[in-house]
Protein chains: 2
Amino acid sequence: MARPVTDTRERIIAAASKLFYSDGIRGVSVDAVAARAGLTKRTLYYHFRSKDDLVAAYLAARDQPNLALFQRWFAETEGGLPDKVEGIFRNLARSARHPKWKGCGFLRTSAELANMPGHPAIKIGAAHKKKFENWLRVTFEAAGIGEGSRLARQILLLLDGSFAVVLLHRDPSYMETAGEAARSLTELALADAVSPLETPPSATAAPDGRGRGPARWRSPRGRSRRG
Amino acid sequence: MARPVTDTRERIIAAASKLFYSDGIRGVSVDAVAARAGLTKRTLYYHFRSKDDLVAAYLAARDQPNLALFQRWFAETEGGLPDKVEGIFRNLARSARHPKWKGCGFLRTSAELANMPGHPAIKIGAAHKKKFENWLRVTFEAAGIGEGSRLARQILLLLDGSFAVVLLHRDPSYMETAGEAARSLTELALADAVSPLETPPSATAAPDGRGRGPARWRSPRGRSRRG
DNA sequence: CCATGTATACCGTCCAGTGAATATACTCAA
DNA sequence: TTGAGTATATTCACTGGACGGTATACATGG
């Protein structure tokens, strides 16, 4: 056989993506992923050193498509900046009504692996969210919002909050509420940008408060189920 | 022996609470909980029918204390409504700096068990968040905010968003950002309440002087690890 | 002596990861 | 052109252990 490496590898990632997103990391066995990909576990272990590696690959594969989707939703919404921001939430609410929707894979993985702070998958999730936040910031600053960094974080908080809340209540209307709040905050920031005078200097003290944390986690070799 | 039922039962719940919160549901075995409680697994199964029951009891035990804590933080913060709302987030940021902090147990459990929509623990988590949202709504309405329901949902979204984001980045400063956003939205709602009719933009009526702009799941018996 | 509660030992299953062998494509010398 | 050798890719069968849950027996207070 010897199908080109990438084919098999990507089939595995595709299978892992569906299963991990649907049933969680610890709820899916490596055998299950292999079976869904139509091959043996041993083959899977030829392409990935460990389950943790596979989990990281699963999230890495979702990074850019996810980001691009949000950017498309933003770009395709007609109107001013507040409309476009709210458009993200509207589209998200629509997709959250799909029966297979189960929240944000990055956040759910980070919640499940919260006791492994240095896990590669968590790093990838954190980088993904940072990318999103950064894209928002740049977009807002380009629109003349001085405190674009703060607004970006606020929007991010509302977005991830709606992921969590809608997952818990299975009620996508919370995303519309989040969208309204995001719109309000955007309008507020725009108003402040127009009249920049009365703004107290409080603002963004530490631009990027890097969280401390010893990030202890034993690397590839070894069990992943229990720390 | 025959220690009164409640003693043993509560020791088990206390042990489960620490372990489940720290390492997640699927990451903690029933044996581990029993060991931590200083007894045998068989004894644990005398007090709880299944692991799922135990998980539900773990969250149920956290319901009221958690709620009371938020209410205390709100009550103990000096100032007006926006200050008190922001106070919740400030206190939360402080507690999130504790090394053992790992986000919100309710949200993390719902994320981990997202593929079991009817799981009793998820129902308890949903009820808990509803209680919190309801308390906010009542509080806001008592303060004369007509759209107290909407504001309550917005604050809830920011709160749960900060749980998720801070857990991912291990950077509690996001909670301060969420607190600022919550303050802004509260001031906005207050301004709307003060001038309920047509006072579109301008209107610096807010105390701060801030301007305004525009499932299915099989019950107890049986395995819980895989659906 | 019965109800309550606790312990020992066990069952069947699942799971992450591995050893050894096999099949296929590609390389290069005769 | 061919045939041996090698790197790539895949499979079968297995290990050692953990896990949820249970059968059975033992203790102790009413």
Side-chain angles (χ1 to χ4, degrees), chain A residues 1-13 15-16 19-20 23-58 112-113 116 119-121 217-227, chain B residues 1-13 15-16 19-20 23-58 112-113 116 119-121 217-227:
Chain A
M1 268 288 165
R3 213 182 271 101
V5 190
T6 56
D7 269 22
T8 304
R9 199 185 151 86
E10 279 165 18
R11 271 205 355 261
I12 295 173
I13 291 182
L19 291 178
F20 284 150
D23 297 342
I25 306 303
R26 298 213 238 257
V28 172
S29 71
V30 177
D31 292 88
V33 174
R36 172 127 195 175
L39 33 80
T40 323
K41 177 169 56 173
R42 197 63 186 81
T43 303
L44 190 153
Y45 273 101
Y46 177 82
H47 292 275
F48 299 90
R49 274 176 314 177
S50 65
K51 184 179 182 180
D52 296 301
D53 257 34
L54 180 59
V55 175
Y58 144 60
E112 196 174 345
L113 307 183
M116 305 177 176
H119 194 292
W217 180 73
R218 277 198 315 278
S219 276
R221 285 287 158 254
R223 281 303 145 86
S224 70
R225 290 161 56 82
R226 302 276 291 109
Chain B
M1 267 290 164
R3 213 182 272 100
V5 190
T6 57
D7 269 23
T8 305
R9 198 184 151 86
E10 279 164 17
R11 273 210 347 267
I12 295 172
I13 290 183
L19 291 178
F20 284 150
D23 297 342
I25 307 303
R26 296 206 236 248
V28 172
S29 72
V30 176
D31 293 86
V33 174
R36 172 126 194 176
L39 34 78
T40 324
K41 178 168 56 172
R42 195 59 187 87
T43 302
L44 189 152
Y45 273 100
Y46 177 83
H47 293 274
F48 298 90
R49 275 176 313 177
S50 65
K51 184 179 183 181
D52 296 300
D53 257 35
L54 180 59
V55 175
Y58 143 61
E112 196 174 345
L113 308 182
M116 306 177 175
H119 194 291
W217 179 74
R218 275 201 316 278
S219 276
R221 285 289 156 252
R223 280 303 146 86
S224 68
R225 291 159 56 84
R226 302 276 292 108

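To find a chain, count down the sequence lines: A is the first, B the second, and so on, and within it residues start at 1.
Looking at every heavy atom in both residues, A/Leu39 comes nearest to A/Arg11 through CD2-NH2, 3.6 Å. B/Arg9 approaches B/His47 most closely through the heavy-atom pair NH1-O, 3.2 Å. The two residues B/Leu19 and B/Ala32 come nearest to each other via the heavy atoms CD1-O, 3.5 Å.
Rounded to whole angstrom, the span from the CZ atom of B/Arg49 across to the C1' atom of D/dG20 amounts to 15 Å. What separates CD1 of A/Ile12 from P of D/dT11 is a distance of 10 Å, to the nearest Å. In this structure, B/Tyr46 places its OH atom 6 Å from P of C/dT4, rounding to the nearest Å. Here the C1' atom of nucleotide C/dG5 and the CZ atom of B/Arg9 are 14 Å apart, to the nearest Å. Residue A/Tyr45 contributes atom OH, which lies 16 Å from atom C1' of D/dA13 at whole-angstrom precision. With rounding to whole Å, B/Asp52 atom CG is found 12 Å from D/dG21 atom C1'. When the P atom of D/dT15 is taken as reference, atom NZ of A/Lys41 falls 13 Å away, rounded to whole Å. Atom P of nucleotide D/dA18 and atom CZ of A/Arg26 are separated by 15 Å, given to the nearest angstrom.
Residue-to-nucleotide contacts include no donor-acceptor pair under 3.5 Å from the side chain of A/Lys51 to the base of C/dG17.
Between B/Tyr58 and B/Ile25, some side-chain heavy-atom pair lies under the 4.5 Å cut-off. In this structure, the side chains of B/Leu54 and B/Phe20 come closer than 4.5 Å at one or more pairs of heavy atoms. Looking only at side-chain heavy atoms (C-beta outward), B/Ile12 and B/Tyr46 stay at 4.5 Å or farther from each other.
Side-chain nitrogen and oxygen atoms of B/Thr8 include at least one within less than 4.0 Å of the OP1 or OP2 phosphate oxygen of C/dT6. Contact between the side-chain N/O atoms of A/Thr43 and the OP1/OP2 oxygens of D/dA9 is not found at any separation under 4.0 Å.
Listed candidates were D/dT10, C/dG17, D/dT11. Nearest to the side chain of A/His47 is D/dT10. For B/Leu39, taking side-chain heavy atoms from C-beta onward, the closest of the listed nucleotides C/dA7, C/dC15, D/dG21 is C/dA7. With D/dG20, D/dT10, C/dA16 as the candidates, the nucleotide lying closest to the side chain of B/Val30 is D/dG20.
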Atom pairs, protein N/O to nucleotides 23-25 of chain D N/O, distance under 3.5 Å:
{"from": "D/dA23", "atom 1": "N6", "to": "B/Arg42", "atom 2": "NE", "distance (Å)": "3.1"}

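Comparing B/Gly38 and A/Ile25 against DNA chain C, the residue whose closest nucleotide sits nearer the 5' end is B/Gly38.
Using modelled atom types, no side-chain atom of B/Glu112 and backbone atom of B/Gly24 make a donor-acceptor pair closer than 3.5 Å.
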